[in-house]
Each structure stands twice: as structure tokens, then as C-alpha cells.
Amino acid sequence: MKASAGGYARANDVPHALQLLALAGAAGRILAGGQSLVAAMNMRLSDGDMLVDITRIGALRGVTDTGDSLHIGALTRHAEVGTDPLIRTHAPLLTEAVHHIAHAAIRNRGTIGGALAHADPAAEFPACAVALGAVIHAEGPEGARQILAEDFFEGVFTTALAENEILTAISVPKADAAETQIMEEVARRGGDYALTGLCLVRRAAGHRVAVFSAGPAPVLARAAMAALDAGDIDGAVAALQAELDPPSDTQASAGYRRHIAGVLLRRAVERSGGQGA
Ligand SMILES: Cc1cc2nc3c(=O)[nH]c(=O)nc-3n(C[C@H](O)[C@H](O)[C@H](O)COP(=O)(O)OP(=O)(O)OC[C@H]3O[C@@H](n4cnc5c(N)ncnc54)[C@H](O)[C@@H]3O)c2cc1C
């Protein structure tokens, strides 16, 4: 089947992209890496879209050290995230995540902003953003605003972003000196979407755990985090499994996903230095 776009325009900068989006109204769609959008168009899940191509907006690309955090432009590609030295040093969870995302061709085109805006419940970057306590930057006709990642992902393919807004960047706090950041996931084959995955961040302020592919959006597992802070791994696993309400589908049952989440938490804690570390 062929895609059916209603039109195409290339934006020169963010204000121009916002103008084009306003002109397109409800049919407006930002085109970034195209790895999810074009696939949806080809399957006619999306039809008559007015594509606003932002790929030439240089200001949306690249990684900057802003002192306490890293500012990662929306158009920074998965492959660039995976090799960037600032990210490797200060937010290694993102570096590790890239190894789990799809295949080289997709990683060479897909963008971090596209992955966050698309909000696939099985995607790695949204869960990383929640686990790291990242901030999403958006720009719209009313100006710029910032949204905490844990408030950004609202459901399956649904975010706090308004129809006329563009996700411009993500800010990620830099890891403290003794911080560990770990991703564990189970997928049928390398590069497939995870059946269930988990991010663990252990920092001076406490543990953060985010689970993906176990609900409509990444789950910040607060009760499991509190149990880990108390050094109780068995309690953390039980709390985590109680906090999740995963779906059953053709890939895995809810019970399997809940079980795997517990296994992944134990593996992540082990890798981060063990119980009570
Ligand atoms: C075969 C295959 C396997 C994949 N496997 C994985 C996987 O294992 N893990 C994973 O995480 N992902 C996976 N993906 C998805 C891939 O990571 C996509 O690249 C990503 O989800 C979307 O990024 P993109 O830049 O291609 O966005 P696009 O496809 O261009 O856009 C996706 C959606 O986000 C919107 N959008 C894009 N950028 C912005 C922005 N800056 N502001 C506002 N809205 C925006 C678009 O309008 C569209 O609705 C896979 C994709 C394919 C085709």
C-alpha cells in the first residue's frame, strides 16, 4: 500500500514550523526521522497528513552541557545519542538504551524527539526520560514551556504535547559521581520492541525505577523505589509487581510481563552493585 499525504512543507526554523503547523490545523504532522510516521502512513493508519518537515532545523540537533544537565536537541538521532561522549559520561542510560532500539538503519534516521513525541509504550527513550527525571522542552504559539517527563507520557501514543506544539529538546540531569544507570529488557530477538523492560537509576538522592512495555505509558514504580531505598530487594520486587497492570496480547500475557519485571529488577540491582548497595 502507498502512503497518502495531504501535503508537505519544509520548515526553516522553529517559528516557521509553528506557522506551518497552524496553517495545517488538525491535519498537521511533524516529520522528523519518519521511522514511525511514514510506516503508519504506508499502512494507512494515518491519512491525508500535512507533513511539516523539521529535519533541516539545525538548532534542534546536538548535545550541549549546560552545567547541571545535558540539553539534547529533538533531532539528535538515536545513533548519535549512542555515540555521544557527553551522554556516555553523564547519562549512560541513554547510551545503553540505543543498543536495544531497532536496527542500524532505523537508529540512523530515528530521532530522540520523535521517539518521545510518538510515545510508544514499548519504546526505550520515554522510560529513560522518566527514570532520569528528565524535562521535555516544547514550543508552541504561546511560547516555550517545560514538562517533567513523568507528567509528559499520558497513554498509548499520547503525550502532554498540544497539537500545535513542537518538542524541541530534552534536558537530562547529569549523573552524580557514584550514580549507576542500568537498562534491562526482554525481547524475542535483538532489536525487537521489548516484551517488558526496566530502567534503574541509583543516585545519592535515592533509587528511580521506570518500567516500559508493561502499561499504556512508562510506569515510575514509586513503591519499588521506596523499598530499594530501604535496602529491601524482595519487598521492591513485590511492590513493583503490585504496581504494574500490564496488558495481555499476542506477544505476552500480563502475568508473564509482571513476572519478567521482577526478574529484570533483580538483574538491574545485581548489576548496580547488589542489594542495599
Ligand atoms: C521496524 C522498526 C522497529 C523499531 N523498533 C524500535 C524499538 O525497539 N524501540 C524503540 O524505541 N523504537 C523503535 N522503533 C521506532 C523508532 O525508534 C522511531 O524512529 C521513533 O519512535 C520515532 O522517531 P522518528 O524521528 O522516526 O519520528 P517520526 O516517525 O518522524 O515521528 C513519529 C511521531 O512523532 C511526531 N514527532 C516527531 N518529532 C516531533 C517533534 N520534534 N515534536 C513533535 N512531534 C514530533 C510525528 O509527528 C509523529 O507523530 C522502531 C521502528 C521501526 C520502523
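Start at 1 and go down the list; that is how both ligands and their atoms are numbered.
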Is there a heavy atom of Arg107 sitting under 4.0 angstrom from any atom of ligand 1? no
Looking only at protein heavy atoms, which one is nearest to atom 41 (N) of ligand 1, and how far off is it? Leu167 O, 2.9 Å
Do Leu161 and Phe152 come close enough that some side-chain heavy atom pair is under 4.5 Å? yes
Any idea which of Ala105, Ala32, Ala17 brings a heavy atom closest to atom 38 (N) of ligand 1? Ala32
Taking the side chain as every heavy atom from C-beta outward, state whether Glu243 and Met225 have any pair of such atoms under 4.5 Å apart. no
Between the side chains of Glu139 and Arg145, is the shortest nitrogen-to-carboxylate-oxygen separation below 4.0 Å, so that they form an ion pair? no
Do other residues, nucleotides or ligands put more than 12 heavy atoms under 6.0 Å from the CG atom of Asp176? yes
The protein heavy atom nearest to atom 24 (P) of ligand 1 is Gly33 N, 3.5 Å
Does Leu161 have a non-hydrogen atom less than 4.0 Å from ligand 1? yes
Give a yes/no verdict on whether any heavy atom in Gly191 is under 4.0 Å from an atom of ligand 1. yes
Shortest protein heavy-atom distance from atom 50 (C) of ligand 1, along with the residue and atom involved: Tyr193 OH, 3.3 Å
Heavy-atom distances under 4.0 Å decide this one: backbone, side chain, both or neither, for Ala39 against ligand 1? neither
Looking at Asp68, I want to see if its CG is surrounded by more than 12 non-hydrogen atoms of other residues, nucleotides or ligands under 6.0 Å. no
Output the list of atoms in ligand 1 that are nearer than 4.0 Å to some heavy atom of His100, sorted by atom number. 8 (O)
Looking at every heavy atom in both Gly155 and Ala217, which two are closest together, and how far apart are they? N-CB, 4.1 Å
Would the distance check show the side chain of Arg88 and the main-chain N or O of Val81 forming a donor-acceptor pair, the cut-off being under 3.5 Å? no
Please write down residue, atom name and distance for the protein heavy atom closest to atom 8 (O) of ligand 1. Ala102 N, 3.3 Å
Shortest protein contact, atom 25 (O) of ligand 1 (heavy atom only): Thr111 OG1, 2.6 Å
Is any side-chain N of the basic residue among Glu96 and Arg271 closer than 4.0 Å to the acidic one's carboxylate O? yes
Between Glu163, Gln35, His78, His118, flag the one that comes closest to atom 53 (C) of ligand 1 by a heavy atom. Gln35
What residue and atom, counting heavy atoms only, is the protein's closest point to atom 31 (O) of ligand 1, and at what distance? Leu37 CB, 3.8 Å
Sub-4.0 Å heavy-atom contact, His103 with ligand 1: no
Side-chain H-bond candidate by donor/acceptor type, His78 with Thr111, under 3.5 Å: no
By side-chain hydrogen bond (donor to acceptor under 3.5 Å, both in side chains) - contacts of Asn164 (at least two apart): none
Judged by non-hydrogen atoms, does Asp192 sit under 4.0 Å from ligand 1? yes
Applying ring-ring contact (aromatic ring centres under 6.0 Å, His included), name anything that partners Phe157, two or more places apart in sequence or on another chain. His118
Please list the nearest protein heavy atom to atom 45 (C) of ligand 1 with its residue and the distance rounded to 0.1 Å. Ala117 CB, 3.4 Å
Residue, atom name and distance, where the atom is the protein heavy atom closest to atom 46 (C) of ligand 1: Ile30 O, 3.0 Å
Could you work out, for atom 34 (O) of ligand 1, the closest of Gly34, Ser36, Gly114, Gly28 by heavy-atom distance? Gly114
Mark up the atoms of ligand 1 that fall under 4.0 Å of a heavy atom belonging to Ile54, in ascending order. 41 (N)
Have a look at Leu75, Leu60, Val98, Ile106 and point out the one with the heavy atom closest to atom 2 (C) of ligand 1. Ile106
